[in-house]
Participant: 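Have a look at the structure that comes next, please.
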Protein chains: 2
Amino acid sequence: MSDKSSLDGLDARMLAVLQKDASLSVADLAERVASSPATCWRRLRALEADGVIGPPRRLVDPAAVGRGMDAFVQVRMKSQDAASRASFARAMEAESTIVEVYAISGDWDYLLHLLVRDIADLDDILMRRVLEQDCVAGTSTIFALRRVKHTAVVPV
Amino acid sequence: MSDKSSLDGLDARMLAVLQKDASLSVADLAERVASSPATCWRRLRALEADGVIGPPRRLVDPAAVGRGMDAFVQVRMKSQDAASRASFARAMEAESTIVEVYAISGDWDYLLHLLVRDIADLDDILMRRVLEQDCVAGTSTIFALRRVKHTAVVPV
DNA sequence: TAAAAAGTGAAATGCACATTTCACGTACGG
DNA sequence: CCGTACGTGAAATGTGCATTTCACTTTTTA
């Protein structure tokens with residue numbers, strides 16, 4: 001897996017299509033990428049087996065379910081020992097509102113991406129799931145005023 | 001569309017499943033959420049029609065295609081007039097490596113999320129697509145050392 | 001240059017699956 | 001308390017589609 005050696009032009013074209021719409025039949029996909037159904041079917045299975053693509057998924061529009069606000073929270077830790085990191089990671093996993101967590105370079109230790117209902121919601125989660133952690137020293141919050149661009153498409 | 005009034009428990013259960021795996025047949029989905037195929041099929045179509053969910057998609061693992069590095073770039077603008085914003089937005093759309101762009105509160109004007117091959121790649125895009133813009137005053141880059149959590153699942 | 005290995009595509013196969021129908025239960029408004 | 005309107009689910013329907021086979025082409029390697 002993670003074997004990039006086998007990514008040729010056809011794979012790239014297939015991925016470009018499938019990242020945007022995986023509802024097409026193998027035959028339709030084949031036509032779009034100028035290949036045959038049999039070949040596309042085999043490539044598709046190979047991409048799955050190699051872990052390049054996951055199962056088909058239905059992404060939800062956050063705004064349509066009342067989670068229209070993006071918030072980013074930078075976190076500084078008191079200490080960075082293994083126990084603290086593990087406990088912090090566990091806390092992050094437990095909160096579904098926190099959709100992404102990165103360990104980062106620079107002044108802060110972590111960057112969190114949250115999908116919240118409103119500011120009150122954010123405050124609640126910040127208090128209850130982040131600041132409560134005794135390994136956390138402090139945080140800084142950034143609100144998104146607007147989504148200028150938002151895509152789940154990885155460039156191939 | 002964006003009509004949250006109609007989101008009941010069954011819809012929520014369906015969304016929870018479909019966000020993770022939309023490969024199931026309507027019959028299998030029905031079983032998972034304790035409902036009937038006919039009802040699930042109708043709800044599914046309604047969720048599509050309301051714009052709550054998009055078409056099925058195959059998400060790509062960035063690391064598996066040589067885009068294993070997440071970078072975040074904060075951008076400050078010289079001015080925030082409509083022309084600058086539009087031209088900046090256009091530049092962001094044009095670069096597929098920049099997967100997310102938010103207009104943000106705080107010291108900076110924009111937050112960019114990039115999926116890059118390596119630091120050289122990031123530097124190249126920063127120079128060519130961001131700093132070259134004459135509406136851009138300055139930037140600050142944050143590297144992700146590690147993905148602690150990463151999900152495309154919007155909490156329902 | 002020849003033989004082996006890997007990939008391709010047209011066509012055949014069968015079955016799983018979306019979609020519809022219909023009768024029924026339930027909630028709501030007057 | 002009754003009628004309308006809406007959501008439900010079991011069962012029937014046809015067909016669209018994944019999957020395989022096989023002969024062929026291209027690439028590799030010795």
Side-chain angles (χ1 to χ4, degrees), chain A residues 1-61 63-66 152-156, chain B residues 1-61 63-66 152-156:
Chain A
M1 37 211 99
S2 294
D3 185 9
K4 75 200 65 171
S5 61
S6 54
L7 263 198
D8 70 349
L10 177 56
D11 286 313
R13 267 175 288 145
M14 288 176 57
L15 291 179
V17 173
L18 292 171
Q19 287 190 86
K20 291 199 169 127
D21 185 357
S23 73
L24 298 86
S25 69
V26 176
D28 289 345
L29 173 63
E31 196 176 349
R32 285 260 206 115
V33 300
S35 182
S36 75
T39 294
C40 277
W41 182 82
R42 281 184 293 249
R43 296 291 191 106
L44 203 44
R45 296 215 58 181
L47 289 168
E48 283 173 347
D50 292 349
V52 176
I53 54 176
R57 303 175 62 172
R58 296 283 200 150
L59 302 189
V60 168
D61 174 13
V65 294
V153 177
V154 175
V156 286
Chain B
M1 41 213 92
S2 295
D3 185 8
K4 74 200 65 172
S5 60
S6 55
L7 263 197
D8 69 351
L10 177 56
D11 286 312
R13 268 175 288 146
M14 288 176 57
L15 291 178
V17 172
L18 292 171
Q19 288 190 85
K20 292 201 170 125
D21 185 357
S23 72
L24 298 88
S25 69
V26 177
D28 288 344
L29 173 63
E31 196 176 349
R32 287 261 206 112
V33 300
S35 181
S36 76
T39 295
C40 277
W41 183 83
R42 281 183 293 247
R43 296 291 190 109
L44 203 43
R45 297 215 59 181
L47 290 168
E48 283 173 348
D50 292 347
V52 176
I53 55 176
R57 304 175 61 172
R58 294 284 200 152
L59 302 190
V60 168
D61 174 13
V65 294
V153 177
V154 176
V156 286

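Naming convention: chains lettered A, B, ... in sequence-line order (proteins, then strands); numbering from 1 in each chain.
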Participant: Between atom CG in D28(B) and atom P in dC17(C), what is the gap in whole Å?
Facilitator: 7 Å
Participant: In whole angstrom, give the distance that lies between atom CD of E31(B) and atom P of dA10(D).
Facilitator: 12 Å
Participant: Take atom CZ of R42(A) and atom P of dA5(C), then tell me their distance rounded to the nearest Å.
Facilitator: 18 Å
Participant: Rounded to whole angstrom units, what separation is found between the CE atom of M14(B) and the P atom of dT8(D)?
Facilitator: 10 Å
Participant: Quickly work out the L44(A) CG to dT19(D) P distance and round it to whole Å.
Facilitator: 9 Å
Participant: Can you identify which nucleotide, out of dG7(D), dT8(C), dC17(D), has its nearest atom closest to the R43(B) side chain?
Facilitator: dG7(D)
Participant: Minimum heavy-atom separation for A30(A) and P37(A), please, with both atom names.
Facilitator: CB-N, 3.5 Å
Participant: Could you tell me whether the side chain of R57(B) and the main chain of R58(A) form a donor-acceptor pair under 3.5 Å?
Facilitator: no
Participant: Does S35(B) make a side-chain N or O approach to OP1 or OP2 of dG9(D) shorter than 4.0 Å?
Facilitator: yes
Participant: For dT19(D), take OP1 and OP2 only and decide whether either is under 4.0 Å from a side-chain N or O of W41(A).
Facilitator: yes
Participant: For the side chain of D50(B) and the backbone of V52(B), is there at least one donor-acceptor N/O pair under 3.5 Å apart?
Facilitator: no
Participant: How far does CG of L24(B) sit from CG of L29(B), to the nearest 0.5 angstrom?
Facilitator: 6.5 Å
Participant: OP1 or OP2 of dG9(D) sitting under 4.0 Å from any side-chain N/O of T39(B)?
Facilitator: yes
Participant: Whole Å only: how far is the CG atom of L29(A) from the C1' atom of dT19(D)?
Facilitator: 15 Å
Participant: Rounded to whole angstroms, how far apart are CZ on R45(A) and C1' on dT20(D)?
Facilitator: 12 Å
Participant: Find the distance L24(A):CG to dG16(D):P and express it as a whole number of Å.
Facilitator: 16 Å
